[in-house]
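Only one structure is covered here, and it is reproduced in the block below.
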Protein chains: 2
Amino acid sequence: MRRIAPDRDGLLAMIGEVFREHGYEGASLALIGAATGLGKGSLYHFFPGGKEEMGRAVIAHIDCWFEENVFAPLRDSTDPQVGIERMLAATDSYFRSGRRVCLIGAFALEEPRDLFADQIRDYFGRWVTHLADALARAGHQPGEASELAEEAVAAIQGALTLARAADDADVFARALRRVRVRLGLTAGG
Amino acid sequence: MRRIAPDRDGLLAMIGEVFREHGYEGASLALIGAATGLGKGSLYHFFPGGKEEMGRAVIAHIDCWFEENVFAPLRDSTDPQVGIERMLAATDSYFRSGRRVCLIGAFALEEPRDLFADQIRDYFGRWVTHLADALARAGHQPGEASELAEEAVAAIQGALTLARAADDADVFARALRRVRVRLGLTAGG
DNA sequence: GACTCATTGTACCGCTCGGTACAGTGTCGG
DNA sequence: CCGACACTGTACCGAGCGGTACAATGAGTC
């Protein structure tokens, strides 16, 4: 039988979903094994450090995705407005328009926050910084750009919480629309 | 020996802190017992339904505090602006200016979300509704008031996540200041 | 065919979990 | 003085936890 989890990328994605759905504490090795089709033997072969290493790897995997699809456009687009728009589109698709939760945000609130504190701080810090840079290049004063960036990222995180609480993805869609306006992407409507 | 946990209110506050610090899954009965000074016998005497009943009671306890200190001012102040200002002050003090996390927000993201879905939806729903009403009374169009209310509550929740992630309470202070401006409380500066 | 070595399944470890049972214990009203 | 009863400590339960040990397995290589 060919293995079900073909590569490390797919494996990390599956484990990530388990963490997302059950939280760090709630994601037992039995659940992870069931989701990946791998036994403990295999799991500990790939992640000798056990659950903590899995958590660290999953965060790094997500971080990497954001680096490529969210931060890079912000940094590299010649037109900062285009970069910001691409960031918002990637964000919307990643969170499945609010039907998916931010794993790193959840980790920031719950138990494993001390375990992964550095990675979590880094992730959000880079998001805010890169957005602030893009806003500055778009013409905002540096201080104003920082505030606006922080406001936008917080709005996204808060909307994910509210959307999950209300079980209503529209909450997230409305929030993204407001962020878009606030960051100056749709001048008049 | 007089008991350490004098009344149900104080007891729920202690248990709430354990949930806040360790999450629902992570808050073991051993931790709860240590925090309250109560053995399992006593805990199951007060909460025959076990951990789930504790969770439910803690949420209700927090909900009650918000009802009195956050929602009531929004609803009952003759001047809606005063009500909104009082809500923000209560919010700031409750979350200890960002050093404390929103337990119900954390529950919304993690495992017990299905268990407590109704209570969680209710809590955030009432917060948004009452704020929207106050904003409408302050002169906003109904639709605009709803959007603004949702934006404000999401901004607060997101700021709590970011503040915890960055381990920097200033993130929350800045967010509250922006919300204050956005809701029209400080006209010019 | 024999060696290598990444990969896997299985049995097992000690521990902690949430929860139960129950025999006290202290403090009441009568 | 006595029963009633709210409260508490302790011992215990089966289950599941994260983690370890190890013996297969099987494909690739010489």
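Keep in mind it's a predicted model, so treat the numbers as computed, not measured. Lettering follows sequence order; numbering is per chain, from 1. When reading the values below, keep in mind they use all heavy atoms of this one structure, side chains included, and skip hydrogens, waters and symmetry mates.
- Atom-to-atom, NE2 of A/H45 to C1' of D/dG18 comes out at 19 Å; the value is rounded to the nearest Å.
- What separates CG of A/D7 from P of C/dT7 is a distance of 12 Å, to the nearest Å.
- The residues A/K51 and A/E25 are annotated as not salt-bridged, no charged nitrogen and carboxylate oxygen being separated by less than 4.0 angstrom.
- Salt bridge present: B/E17 and B/R100 bring a charged side-chain N and a carboxylate O closer than 4.0 Å.
- Spacing between atom CZ of A/R8 and atom P of C/dA6 amounts to 15 Å, rounded to whole angstrom units.
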Check the interface with nucleotides 13-17 of chain C: list each N/O to N/O pair with the protein under 3.5 Å, or write none.
{"from": "C/dC17", "atom 1": "OP1", "to": "B/S28", "atom 2": "OG", "distance (Å)": "3.0"}

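- Atom CG in B/L43 sits roughly 11 Å away from atom P in C/dG18 (whole-Å rounding).
- Under 4.0 Å is where a charged nitrogen must lie from a carboxylate oxygen, and between A/R75 and A/E67 at least one such pair does.
- Comparing the axis of the opening five pairs of the helix from C/dG1-D/dC30 to C/dG30-D/dC1 with that of the closing five pairs yields an angle of 0°, rounded to 10°.
- Electrostatic pairing of B/E53 and B/R56 does not count as a salt bridge here, judged by no charged N lying under 4.0 Å from a carboxylate O.
- Partners of A/Y44 under the ring pair (Phe, Tyr, Trp, His ring centres under 6.0 Å) rule, at least two apart in sequence or in another chain, do not exist in this structure.
- Residue A/L43 comes nearest to A/L29 through the heavy atom pair CD1-O, 4.2 Å, listed as atom of the first residue, atom of the second, then distance.
- If you take CG of B/L38 and P of D/dT8, they are 5 Å apart, rounded to a whole angstrom.
- The aromatic rings of A/W127 and A/F124 lie parallel to each other, their planes meeting at an angle below 30°, with 60° marking the opposite boundary.
- As a whole-Å value, the separation of A/L11 CG from C/dT7 C1' is 13 Å.
- The distance from atom OH of A/Y44 to atom C1' of C/dA6 is 19 Å, rounded to the nearest whole Å.
- Ion pairing of B/D122 with B/R126 is present here, as a side-chain N (NZ or NE/NH1/NH2) and a carboxylate O approach within less than 4.0 Å.
- The nearest whole Å value for the distance from the CZ atom in A/F47 to the C1' atom in D/dG18 is 16 Å.
- Looking at heavy-atom distances under 4.0 Å, B/G39 makes contact with sugar-phosphate atoms alone, never a base.
- Note on ring orientation: taking the six-membered ring where Trp is involved, the planes of A/F116 and A/Y24 are perpendicular (angle over 60°, cut-offs 30° and 60°).
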